[in-house]
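For clarity, every value in this text was computed on a predicted model and none was experimentally measured. Proteins come first, then strands; the chains are lettered A, B, ... in the order of their sequence lines, and each starts at number 1.
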Amino acid sequence: MVMGGADLSRERPRRRYSRRAMSTSVHVADLAAHVGEEVTLHGWLQGRRSSGKLHFLQLRDGTGVVQCVVFKGNVTPEVFAEADHLPQETSLAVRGVVKRDERSRLGHELDVRAVEVVARPTREYPLGHKDHGVAFLMEQRHLWLRSQRQVAILRVRATVVRAIREFFDGRGFTLVDAPILTPAACEGTSTLFEVPYFDLGKAFLTQSGQLYMEAAAMALGKVYCLGPTFRAERSKTRRHLTEFWMVEPEVAFLDLAGDMELMESFVSHVVQAALRAHEAELRDVLERDVEKLRQVRPPFPRITYDEAVEVIRRAGHPMTWGDDIGGDEETIVASAYDRPVMVHRYPAAMKAFYFKRDPADPRLALGCDVLAPEGYGEIIGGGQREDDLATLEAALAEHRLPREAFEWYLDLRRYGTVPHAGFGMGVERCVAWICGLHHVRETIPFPRMTERITP
RNA sequence: UCCCCAGUAGCUCAGCUGGCAGAGCAGGUGACUGUUAAUCACCGGGUCGCAUGUUCGAGUCAUGCCUGGGGAGCCA
């Protein structure tokens with residue numbers, strides 16, 4: 001793709017430093033193929049240093065950063081003088097000869113012949129090259145995205161989403177989009193965002209597409225959805241957002257064991273795809289220990305909830321059967337392994353109404369969570385669904401859920417019910433883990449949190 | 001909803017037992033032909049989050065409020 005700046009500048013009246021018509025427009029990432037040639041780069045001035053007869057311009061174009069060397073003898077006096085006073089984030093077209101240079105981190109740099117200013121900043125750029133606090137960076141999120149680190153994260157995120165689609169599309173799954181406006185909660189109404197909905201009263205922003213995927217699985221067999229999800233919980237932790245993306249596959253005629261195999265091959269596919277595409281960025285920009293990611297291959301360890309409780313107790317952490325595995329407990333369990341651990345068969349009382357009970361022990365639900373290593377916690381939750389009509393009706397009543405809202409869902413058990421299972425994975429938690437980030441807010445371009453909705 | 005912490009220059013922070021508002025970076029001017037967060041010299045830059053109170057005197061102490069950060073619960 002030719003960048004917009006190139007086309008724009010072509011339409012402009014000729015400026016003082018007009019480009020030579022023969023100079024090729026290229027991207028920083030492709031410079032190695034143009035050594036010795038005269039080319040034009042379009043980008044933004046990330047930084048500048050001067051040393052008498054030399055100015056060093058760091059130019060970022062979205063594909064990389066290259067140092068452009070402006071030598072006094074190679075350009076007009078006007079260009080040389082202006083190059084010393086260009087503010088950070090000036091948008092530029094720079095023409096010059098690509099030269100190999102050992103002193104450059106890229107291995108080559110641009111020997112500048114002409115500099116054309118596309119636009120000068122009208123104010124001083126707020127983000128310097130020194131440290132900034134989190135609050136300030138979040139306020140400047142629209143500009144923070146330009147940093148090398150944020151660019152790397154967004155690229156990994158894009159690859160993760162592509163890998164998710166590749167995985168399911170390549171296995172006969174059909175993409176089915178779940179609605180975002182829904183009439184009721186999956187598990188009660190306390191955690192949902194409300195929106196007014198014409199004469200029908202209130203609607204809610206979806207908390208999960210799962211129930212709809214169950215309906216779609218009865219039509220198409222293997223389905224998945226991938227879209228935004230909303231939780232109105234006042235969660236203030238590094239693992240929570242109020243708006244996040246979730247992928248939710250659902251498969252007819254699948255039991256818990258099959259579901260767990262699907263989770264395992266899915267997670268390793270996504271991690272390996274991200275590693276293959278971004279190993280250098282993960283290691284050099286994000287300082288991720290890529291060897292830990294390389295280990296993320298099947299088989300993942302499988303332990304029951306009962307065994308997890310034992311592991312936690314042996315680690316000296318008091319816990320009674322029936323308690324949820326919280327953040328600290330997750331870390332204890334996950335740190336016992338070098339790859340994600342699958343914890344299955346939780347007490348039914350702490351799980352949602354739609355989980356199928358374990359026929360071997362009715363106290364247990366046929367659910368499974370995948371805990372990422374290195375303290376990243378739960379990235380997947382899922383399991384086998386209750387397929388028996390009477391049992392599901394009883395579960396609805398136990399959870400005090402409004403029966404009418406779930407009549408359509410009960411229909412799925414009235415007309416040709418089958419064993420089925422699925423799961424949901426949080427895209428941001430997965431990306432945070434792969435990138436080795438402290439907080440999920442960096443994994444989404446414009447995070448939505450309880451105390452922040454701008455920019 | 002609960003617990004903890006912070007708010008001082010554009011940014012990151014220091015400011016002791018209450019006594020003239022500070023530094024680094026960024027910005028401006030200049031020097032330097034290889035800088036990598038360049039260096040060096042000089043210059044400009046303040047509603048100390050807001051309000052009330054205590055005091056001869058408050059950035060500093062007290063109370064309330066606001067804004068943000070970290071964590072818990074809940075979850076992905």
Side-chain angles (χ1 to χ4, degrees), chain A residues 46-58 65-74 80 84-85 87-89 99 101-106 109 111 121 123-140 143-144 148 186-188 190-192 206-210 226 228-248 263 267 323-330 350-352 367 369-372 376-382 423-433 438-441 443-444 449-452 454:
Chain A
Q46 187 159 282
R48 172 171 52 77
R49 285 179 289 275
S50 284
S51 181
K53 307 285 189 299
L54 286 171
H55 301 314
F56 302 96
L57 309 180
Q58 319 299 322
V65 179
V66 70
Q67 175 157 276
C68 303
V69 183
V70 185
F71 174 52
K72 195 170 188 175
N74 286 345
F80 187 76
D84 198 24
H85 293 92
Q88 199 183 346
E89 292 301 314
K99 290 208 166 153
D101 198 310
E102 300 301 317
R103 292 166 292 195
S104 160
R105 279 171 185 165
L106 259 188
E109 49 188 32
D111 195 6
R123 288 185 192 171
E124 185 188 323
Y125 191 65
L127 302 183
H129 296 293
K130 304 282 176 175
D131 292 341
H132 293 289
V134 174
F136 179 74
L137 288 171
M138 290 307 299
E139 276 160 26
Q140 308 293 331
L143 303 177
W144 188 21
Q148 200 185 14
C186 289
E187 300 146 43
S190 63
T191 64
L192 296 179
T206 185
Q207 183 189 41
S208 162
Q210 184 205 311
L226 173 57
T229 304
F230 306 88
R231 301 279 164 92
E233 295 282 351
R234 287 195 177 272
S235 304
K236 284 191 65 171
T237 83
R238 60 202 171 92
R239 301 186 307 280
H240 288 90
L241 298 167
T242 56
E243 176 184 307
F244 64 99
W245 285 62
M246 188 153 67
V247 54
E248 293 174 284
M263 294 177 188
V267 169
D323 285 352
D324 202 356
I325 297 180
D328 291 350
E329 292 86 359
E330 274 179 8
M350 53 186 263
K351 287 288 179 185
D369 289 349
V370 177
L371 308 182
Y376 282 92
E378 184 181 348
I379 53 167
I380 282 182
F423 62 84
M425 184 187 79
V427 171
E428 288 76 16
R429 285 192 185 175
C430 182
V431 174
W433 164 47
H438 177 69
H439 199 298
V440 291
R441 64 185 158 213
T443 66
I444 188 165
M449 293 174 293
T450 53
E451 307 298 338
R452 181 174 299 282
T454 54

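Under the side chain to side chain donor-acceptor pair (under 3.5 Å) criterion, A:Asp324 pairs with no residue, sequence neighbours left out. Partners of A:His132 according to the side chain to side chain donor-acceptor pair (under 3.5 Å) rule, which considers only residues two or more places apart in sequence or in another chain, do not exist here. For A:Glu248, the salt bridge (charged side-chain N to carboxylate O under 4.0 Å, His left out) test picks out no residue, with sequence neighbours left out. Residues forming a salt bridge (charged side-chain N to carboxylate O under 4.0 Å, His left out) with A:Asp328 (at least two apart in sequence, or on another chain): none. Here A:Gln58 pairs with A:Gln67 under the side chain to side chain donor-acceptor pair (under 3.5 Å) rule; sequence neighbours left out. Among residues two or more places apart in sequence or in another chain, the salt bridge (charged side-chain N to carboxylate O under 4.0 Å, His left out) test is passed with A:Glu378 by none. A search for side chain to side chain donor-acceptor pair (under 3.5 Å) contacts involving A:Lys72 returns nothing, not counting sequence neighbours. For A:Phe230, the ring pair (Phe, Tyr, Trp, His ring centres under 6.0 Å) test picks out no residue, with sequence neighbours left out.
To the nearest whole angstrom, the two C1' atoms, one in B:rG27 and one in B:rG45, are 9 Å apart. Between B:rU39 and B:rC25, the distance separating the two C1' atoms is 14 Å to the nearest Å. For the P atoms, the distance from B:rA31 to B:rC13 is 35 Å, rounded to whole Å. A gap of 24 Å separates the P atoms of B:rU55 and B:rC65, to the nearest Å. With P as the reference atom, B:rC75 and B:rC3 are 22 Å apart, rounded to whole Å. Here, B:rA41 and B:rU47 have their C1' atoms 33 Å apart, quoted to the whole Å. For the C1' atoms, the distance linking B:rG44 with B:rA26 amounts to 13 Å, nearest Å. When the P atom is used for both B:rA6 and B:rU63, the distance is 14 Å, rounded to whole Å.
Of the inter-residue distances, the one linking A:Arg234 atom CZ with A:Thr242 atom OG1 reads 10.5 Å to the nearest 0.5 angstrom.
Distance NE2 (A:His55) to C1' (B:rA31): 12 Å, rounded to an integer number of Å. Distance, A:Glu378 CD to B:rG73 P: 13 Å, rounded to whole Å. As rounded to whole Å, 16 Å separates atom P of B:rC11 from atom CH2 of A:Trp144. One interatomic measurement links the two molecules: CG of A:Leu127 to C1' of B:rU12, which rounds to 13 Å at whole-angstrom precision. The CD-C1' distance, from A:Gln58 to B:rU35, rounds to 8 Å in whole Å. Atom CG of A:Leu226 is separated from atom P of B:rA76 by 16 Å (rounded to the nearest Å). At whole-Å resolution of the value, CD in A:Gln207 and P in B:rC74 are 15 Å apart. Rounded to an integer number of Å, the gap from A:Ile325 CD1 to B:rA76 P is 14 Å.
Using a 4.5 Å heavy-atom threshold, the side chains of A:Met138 and A:Phe136 count as separate. The side-chain heavy atoms of A:Glu428 and A:Met246, taken from C-beta on, include no pair separated by under 4.5 Å. Two residues are said to be in side-chain contact when any heavy atoms from C-beta on lie closer than 4.5 Å; A:Asp369 and A:Lys351 meet this criterion. With contacts defined as side-chain heavy-atom distances shorter than 4.5 Å, the pair A:Ile444/A:Leu241 qualifies. When side chains are defined from C-beta on, A:Leu192 does not count as touching A:Thr206, because their heavy atoms never get closer than 4.5 Å. Side-chain contact between A:Val440 and A:Phe244 is absent, with no heavy-atom pair separated by less than 4.5 Å.
Side chain A:Gln140 to base B:rG10: no donor-acceptor pair is found below 3.5 Å. At a cut-off of 3.5 angstrom, the base of B:rC74 holds at least one donor-acceptor pair with the side chain of A:Ser235.
Contacts of A:Ile380 with the nucleic acid, taken as non-hydrogen atoms under 4.0 Å apart, involve only primed sugar atoms and P, OP1 or OP2. When heavy atoms are screened at a 4.0 angstrom cut-off, A:Thr229 is found touching no nucleic acid atom at all. Among the atoms of the strands shown, base atoms are found under 4.0 Å from some heavy atom of A:Phe56. Heavy atoms of A:Leu54 sit under 4.0 angstrom from at least one base atom. Contact annotation for A:His240: base contact, defined as any heavy-atom pair under 4.0 Å involving a base atom.
Looking at A:Arg429, its side chain does come within 3.5 Å of a backbone N or O of A:Arg239 through a donor-acceptor pair.
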Could you list all N or O pairs between the protein and nucleotides 4-9 of chain B that sit under 3.5 Å apart?
none

I'd like a list of close polar pairs between nucleotides 67-71 of chain B and the protein, N/O only, cut-off under 3.5 Å.
| residue | atom | partner | partner atom | Å |
| --- | --- | --- | --- | --- |
| B:rG68 | OP1 | A:Glu451 | O | 3.0 |
| B:rG69 | N7 | A:Lys236 | NZ | 3.4 |
| B:rG70 | OP1 | A:Arg441 | NH1 | 2.7 |
| B:rG70 | OP1 | A:Arg441 | NH2 | 2.6 |
| B:rG70 | OP2 | A:Arg441 | NH1 | 3.4 |
| B:rG71 | OP1 | A:Arg238 | NE | 3.2 |
| B:rG71 | N7 | A:Lys236 | O | 3.0 |

Give me, pair by pair, the N or O atoms of the protein and of nucleotides 21-28 of chain B that are less than 3.5 Å apart, along with how far apart they are.
| residue | atom | partner | partner atom | Å |
| --- | --- | --- | --- | --- |
| B:rA26 | O2' | A:Glu124 | OE2 | 2.9 |

Go ahead and write out RNA chain B as dot-bracket, 5' to 3': ( ) for pairs within the strand, [ ] for ones crossing earlier pairs, | when the partner sits on another strand, dots for unpaired; Watson-Crick or G-U wobble, both distances under 3.5 Å. (((((((..((((.....[..)))).(((((.......))))).....(((((..]....))))))))))))....
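With centres under 5.5 Å and a plane angle under 30°, the ring of A:Phe244 is stacked against the base of B:rA76.
Taking only side-chain atoms of A:Asp324, from C-beta outward, the nucleotide of B:rC75, B:rG34, B:rG73 with the closest atom is B:rC75. Looking at the side chain of A:His132, the nearest of the listed nucleotides B:rU33, B:rC11, B:rA76 is B:rC11. Between B:rC75, B:rA72, B:rG34, one nucleotide has an atom nearer to the side chain of A:Arg231 than all others, and that is B:rC75.
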